[in-house]
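These notes are about the structure you will find just below.
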Amino acid sequence: FPFLFFLLKIKMAAEPPCRFYPLPHHRPQWDAVKSGLRAYALGTPSAEILEQTVLNTRRAASLKADKMPPIPKDVHLNGLRSALQRFQAKTGVRFLEDVSADVASLALEVATLFPEFPEGLPLLLQGRTAEVQLTRRQCACLLACAFFDALPALEQLYPAWEGQPPVGDISFTGIYLYSSRVACERVQCMLAYFTRVLHPPADMPAPDDTAVVRFVRHAEQDVAAPAFWAQQADVPVDAPAVLQFSALPMEKIAGHTFVDFANRDIMIHQVISSATQEEVLFSVRPELFVALLVSQRMADHEVLIFHNVLAFCSYTGYLDTFQFSSMTAETLAPCVLALDAKPNYGNEFAPDIVLRDLNKAYIGYKYSPGPTIVTGKWGCGAFGGDFHLKLLLQLMAAHAAGKKLVFSTFGDQKELREFTKLVREIGSAKPTLATLFACITPNHPSFHRPGMFLKHLRNTLRGTPAAQDALPAVSAAERKFRELTAAAEEREAARDFEAATRLYKQAEKEKEKMEQELAQYAAASSADVGDLATLREDSEHEEGE
């Protein structure tokens with residue numbers, strides 16, 4: 001009997017409370033939502049009326065409306081107001097007067113556009129390879145509903161999901177409320193999207209409403225074991241042929257697939273005032289937001305691939321400097337590969353984590369269509385990963401999957417020269433996958449110090465791997481970095497994403513201090529710690545020539 005009870009618990013844990021995301025017109029609140037949207041579509045738009053329509057729709061769409069705090073009469077969506085003004089100044093489009101009512105009408109089409117989904121959108125759940133196909137018009141309709149905040153989170157509809165939300169929600173109210181520059185720029189990207197869809201400029205063709213956008217989850221059942229990589233000793237890795245570099249932004253590089261430096265919860269399952277690489281990608285290609293409604297957290301052996309998602313605007317900058325530039329008309333849409341790396345909390349070089357990230361990249365590249373994949377510093381930045389390790393993992397994965405990579409340094413010419421030189425060294429040494437796998441798996445305590453893994457890699461390529469030099473004890477900056485990143489992970493797990501973002505930024509500052517300490521140590525040491533410095537000196541010499 002206890003064993004049967006144990007099996008029952010497993011079954012209960014494995015079976016989700018639901019397998020579909022119910023569309024707005026499937027819910028008992030639809031009449032109230034429909035009434036508000038219809039009134040806005042037929043009325044005379046103003047900033048005040050738009051604000052109240054969004055706030056009232058948000059409240060009407062939720063089953064927990066009785067538990068939600070009352071909406072203060074003096075509340076204003078300052079971010080939305082600011083975005084409307086700046087968008088008009090930049091593009092000449094009077095979105096409030098000429099477009100916003102049509103967005104409400106588009107949202108009302110939800111009751112007729114989805115006859116093939118009587119139970120709602122199928123969820124892409126863990127452990128299952130599956131896909132959801134939607135027309136471009138259906139995606140636009142869902143985003144129009146999201147514009148008015150008519151798509152509540154799934155845990156608001158099913159109490160059993162509380163505390164462990166399976167998928168995200170598309171609520172822009174979080175960035176409507178705040179007038180921060182990043183929030184304003186992200187809202188402008190959405191205004192550009194709806195303008196392109198509903199009122200395209202004369203010099204830009206309207207998108208094909210019947211084109212199909214595919215949201216695919218690949219769950220690999222036969223994950224490569226360490227023996228798979230250790231036994232690849234026959235064919236040398238031709239690094240220059242597999243991996244090339246460009247200083248252009250990823251969006252300006254021709255390729256069949258773009259890598260999304262994803263969170264395991266796609267775009268942290270909500271929209272916030274932030275502009276990481278993933279969030280920028282979603283703002284430029286808004287059809288990606290629909291993935292939040294159907295994509296459960298990615299497991300270690302899973303990736304998400306989104307096919308035929310168009311770019312509707314261009315941008316400049318990144319993080320605090322992100323800025324909407326203009327509307328664009330992309331005709332050939334690449335695929336987007338959502339690939340999540342493990343955050344680095346001082347254990348990045350542990351063999352199980354190295355193998356996990358290597359297999360994750362391999363699975364993603366293997367299932368990506370086309371021969372060319374555009375990528376960059378995946379697993380670095382906020383994830384805290386070592387540039388050279390992640391570069392090597394992507395090189396190995398692409399070689400095994402038979403793909404070519406174009407690596408963007410996002411305008412950093414110095415990194416472009418450094419990485420190009422390193423890949424040439426790898427190409428000259430002609431290591432096999434087995435050799436490179438042996439290089440990345442020793443997990444020496446010194447590897448997490450900036451520059452030390454690069455030293456080990458170059459010694460391996462020369463055929464002279466040596467014991468690492470003794471390093472000083474963990475510094476205060478390094479200890480603080482680990483504490484901050486661990487705290488950030490804890491806040492992220494608790495869905496306190498504002499606090500997590502703040503902690504990640506603080507950790508990045510401590511990491512800069514760590515790098516300064518390493519430079520001081522290298523200058524004072526007689527050991528050959530200076531491979532990274534030497535590489536940079538060589539690059540600077542080449543630049544001078």
Side-chain angles (χ1 to χ4, degrees), residues 37 40-41 43-55 57 74-107 140 143-144 146-149 170-207 249 251-252 271-277 279-289 310-330 410-411:
L37 292 174
Y40 187 85
T44 302
S46 69
E48 293 76 13
I49 295 174
L50 177 58
E51 285 180 349
Q52 287 306 309
T53 302
V54 170
L55 293 170
T57 301
D74 60 344
V75 71
H76 296 296
L77 303 181
N78 294 322
L80 178 57
R81 288 193 178 209
S82 179
L84 290 167
Q85 295 170 358
R86 295 187 186 185
F87 184 72
Q88 181 171 343
K90 184 169 288 188
T91 65
V93 175
R94 302 191 313 161
F95 186 92
L96 186 64
E97 296 84 354
D98 299 337
V99 183
S100 64
D102 291 334
V103 178
S105 298
L106 177 59
L143 291 174
F147 182 81
F148 287 97
D149 216 344
I170 318 175
S171 172
F172 296 110
T173 302
I175 57 175
Y176 288 166
L177 282 168
Y178 304 106
S179 54
S180 72
R181 196 169 67 80
V182 171
C184 178
E185 300 301 325
R186 294 198 74 186
V187 175
Q188 286 185 74
C189 292
M190 292 307 302
L191 303 183
Y193 168 74
F194 288 116
T195 301
R196 284 278 293 106
V197 168
L198 298 171
H199 293 269
D203 59 341
M204 296 184 186
E251 289 76 9
K252 294 185 179 181
V271 186
I272 63 173
S273 179
S274 175
T276 63
Q277 186 265 359
E279 289 162 329
V280 169
L281 191 62
F282 274 59
S283 287
V284 171
R285 302 177 184 275
E287 290 161 338
L288 289 170
F289 281 114
L310 285 173
F312 287 85
C313 67
S314 60
Y315 74 96
T316 59
Y318 172 68
L319 294 178
D320 295 339
T321 63
F322 172 72
Q323 189 172 356
F324 161 77
S325 291
S326 63
M327 290 182 283
T328 59
E330 186 178 57
F410 292 91

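All of these numbers come straight from a predicted model, not from anything done at the bench.
Atoms OG1 and CG, from Thr57 and Leu37 in turn, are 5.0 Å apart once rounded to the nearest 0.5 Å. Atom OG1 of residue Thr321 and atom CD of residue Glu185 lie 10.5 Å apart, to the nearest 0.5 angstrom. Here CD1 of Ile49 is found 7.0 Å from OG1 of Thr44. Values are rounded to the nearest 0.5 Å.
Phe322 pairs by the ring-ring contact (aromatic ring centres under 6.0 Å, His included) definition with Tyr315, not counting sequence neighbours. For Arg186, the side-chain hydrogen bond (donor to acceptor under 3.5 Å, both in side chains) partners two or more places apart in sequence, or in a different chain, are Ser283. Scanning for side-chain hydrogen bond (donor to acceptor under 3.5 Å, both in side chains) contacts around Tyr193 gives an empty result, with sequence neighbours left out. Every residue two or more places apart in sequence or in another chain that forms a side-chain contact (heavy atoms from CB on, under 4.5 Å) with Ser82 is listed here: Arg86, Cys184. Annotation: side-chain contact (heavy atoms from CB on, under 4.5 Å) contacts of Ala311 (sequence neighbours excluded): Val284, Arg285, Glu330. By the side-chain contact (heavy atoms from CB on, under 4.5 Å) test, Gln85 is found to be paired with no residue, residues two or more places apart in sequence or in another chain being considered. Every residue two or more places apart in sequence or in another chain that forms a ring-ring contact (aromatic ring centres under 6.0 Å, His included) with Phe172 is listed here: Phe289. Partners of Ser326 according to the side-chain hydrogen bond (donor to acceptor under 3.5 Å, both in side chains) rule, which considers only residues two or more places apart in sequence or in another chain, are Ser314. Pro200 is linked by a side-chain contact (heavy atoms from CB on, under 4.5 Å) to Arg196, Ala206, counting only residues two or more places apart in sequence or in another chain. Judged as a side-chain hydrogen bond (donor to acceptor under 3.5 Å, both in side chains), and not counting sequence neighbours, the contacts of Ser180 are Ser273.
Between Arg81 and Glu48 there is a side-chain heavy-atom pair separated by less than 4.5 Å. Contact of the Phe194 side chain with the Phe312 side chain is not registered, since no non-hydrogen atoms from C-beta on lie closer than 4.5 Å. When side chains are defined from C-beta on, Leu50 counts as touching Phe147, because their heavy atoms get closer than 4.5 Å. The side-chain heavy atoms of Tyr318 and Phe410, taken from C-beta on, include no pair separated by under 4.5 Å. The shortest distance between side-chain heavy atoms of Pro207 and Val197 falls below 4.5 Å. Between Asn78 and Leu177 there is no side-chain heavy-atom pair separated by less than 4.5 Å.
Counted by atom type alone, Ser171 and Asp149 present one or more donor-acceptor pairs between their side chains at under 3.5 Å.
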Tell me which donor-acceptor pairs under 3.5 Å the side chains of residues 89-100 have, and how far apart each pair is, sequence neighbours excluded?
from   : atom 1 : to     : atom 2 : distance (Å)
Lys90  : NZ     : Phe324 : O      : 2.7
Thr91  : OG1    : Phe87  : O      : 2.7
Thr91  : OG1    : Val93  : N      : 3.2
Arg94  : NE     : Asp98  : OD2    : 3.4
Arg94  : NH2    : Asp98  : OD1    : 3.3
Ser100 : OG     : Tyr40  : OH     : 2.8
Ser100 : OG     : Leu96  : O      : 2.6

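When every heavy atom of Leu281 is checked against every heavy atom of Glu251, the shortest pair comes out as CD1-OE2, 3.9 Å.
Sorted by first and then second residue, the pairs that involve residues 313-328 and meet salt bridge (Lys or Arg N to Asp or Glu O under 4.0 Å), not counting sequence neighbours, are Asp320-Lys505.
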Item to check | Working for side-chain contact (heavy atoms from CB on, under 4.5 Å), residues Val103 and Phe148 | outcome: CA-CA 9 Å; Val103 178; Phe148 287 97; 3.8 Å; yes

